[in-house]
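Worksheet: one structure, shown below.
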Amino acid sequence: MSDNSKRGIVFAAILLVILYALGLRIDHPKSGLKNALGTAESSLAVYWHKSEISVGDKVVITTKTPGGSPQLALVNNVNADSIDVQITGGFERVALKDVHGTLVLVFPFIGTLLSIIGL
């Protein structure tokens, strides 16, 4: 392995550690809203942990709804201690402590590979 390759790997690792410390997280949703490239289950979600939430944001949440968590949802209303979200089955009120963060990016189809290997 060349020195440039080693530097690139070290740089990428340091960058990932810094982004994680700043609140960037990755999760594999078990259910939730679909996107243009498929279902939430077939995706990998990248989100900012506990960033400010406002109406219209797409968020990663934990719910009591059957079908698995975490879920991808759309924020319809923000209250002092909860948010109202649109999920696959309709609408639900979720406590702020159950909000993982706001969605930044979705990698389609990677979730399908993770489901095959059991993650």
Side-chain angles (χ1 to χ4, degrees):
M1 188 179 286
S2 71
D3 286 339
N4 285 338
S5 296
K6 290 177 186 176
R7 282 189 206 126
I9 292 170
V10 169
F11 177 75
I14 291 171
L15 182 63
L16 287 175
V17 168
I18 290 170
L19 288 174
Y20 186 83
L22 293 174
L24 192 70
R25 303 289 191 270
I26 299 173
D27 211 340
H28 177 214
K30 303 297 184 251
S31 62
L33 298 177
K34 297 178 182 181
N35 61 43
L37 295 174
T39 63
E41 299 88 8
S42 69
S43 302
L44 198 63
V46 178
Y47 63 94
W48 284 110
H49 183 65
K50 294 290 185 182
S51 59
E52 293 297 317
I53 299 167
S54 57
V55 174
D57 284 347
K58 293 175 183 77
V59 292
V60 178
I61 59 171
T62 299
T63 67
K64 295 174 182 69
T65 303
S69 284
Q71 292 191 17
L72 298 181
L74 179 66
V75 178
N76 289 340
N77 190 26
V78 178
N79 302 311
D81 59 346
S82 65
I83 61 171
D84 297 328
V85 294
Q86 178 182 352
I87 56 175
T88 305
F91 296 93
E92 188 170 325
R93 180 161 288 169
V94 178
L96 284 178
K97 67 178 180 64
D98 293 329
V99 176
H100 298 244
T102 56
L103 194 64
V104 174
L105 183 65
V106 174
F107 291 108
F109 314 120
I110 296 175
T112 304
L113 298 173
L114 294 175
S115 296
I116 290 171
I117 60 173
L119 296 176

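Since we're looking at a predicted model, the values are computed, not measured.
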| note | Taken in chain and number order and not counting sequence neighbours, the residues that satisfy side chain to side chain contact (heavy atoms under 4.5 Å, CB included) with D98 are T62, K64, V94, A95
| remark: Rounding to 0.5 Å, atoms CD1 (I61) and CG (L103) come to a distance of 12.0 Å
| said: Quick check for you: to the nearest 0.5 Å, what is the distance between D27 atom CG and L44 atom CG? | reply: 8.0 Å
| Is I83 reachable from L74 through a run of hydrophobic residues whose side-chain heavy atoms are each under 4.5 Å from the next? | no
| Pairwise side-chain contact, V60 with R25, heavy-atom cut-off 4.5 Å (strictly under) | no
| query | Rounded to the nearest 0.5 Å, how far apart are CG of L72 and OH of Y47? | reply | 10.5 Å
| So, for T102 and E52, which heavy atoms are closest and what is the spacing to 0.1 Å? | CG2-O, 3.7 Å
| Contacts of type side chain to side chain contact (heavy atoms under 4.5 Å, CB included), residue F109, not counting sequence neighbours | L37
| Sidechain-backbone polar pair: H100 side chain, H49 backbone, donor-acceptor under 3.5 Å | no
| Which atoms form the tightest heavy-atom contact between H28 and S43, and what is the distance? | CD2-O, 3.2 Å
Which donor-acceptor pairs under 3.5 Å do side chains of residues 4-24 form with protein atoms, sequence neighbours excluded?
{"unit_1": "N4", "atom_1": "OD1", "unit_2": "R7", "atom_2": "NH1", "d": "3.2"}
{"unit_1": "S5", "atom_1": "OG", "unit_2": "S2", "atom_2": "OG", "d": "3.2"}

| said: Given 3.5 Å as the limit, does a donor-acceptor pair link the side chain of K58 with the main chain of G56, or not? | reply: no
| request: Determine whether P29 and Q71 make a side-chain contact, defined as any pair of heavy atoms from C-beta on separated by less than 4.5 Å. | output: no
| said: Do I87 and I53 land in one hydrophobic cluster if side-chain heavy atoms of ILVMFWY residues count as linked below 4.5 Å? | reply: yes
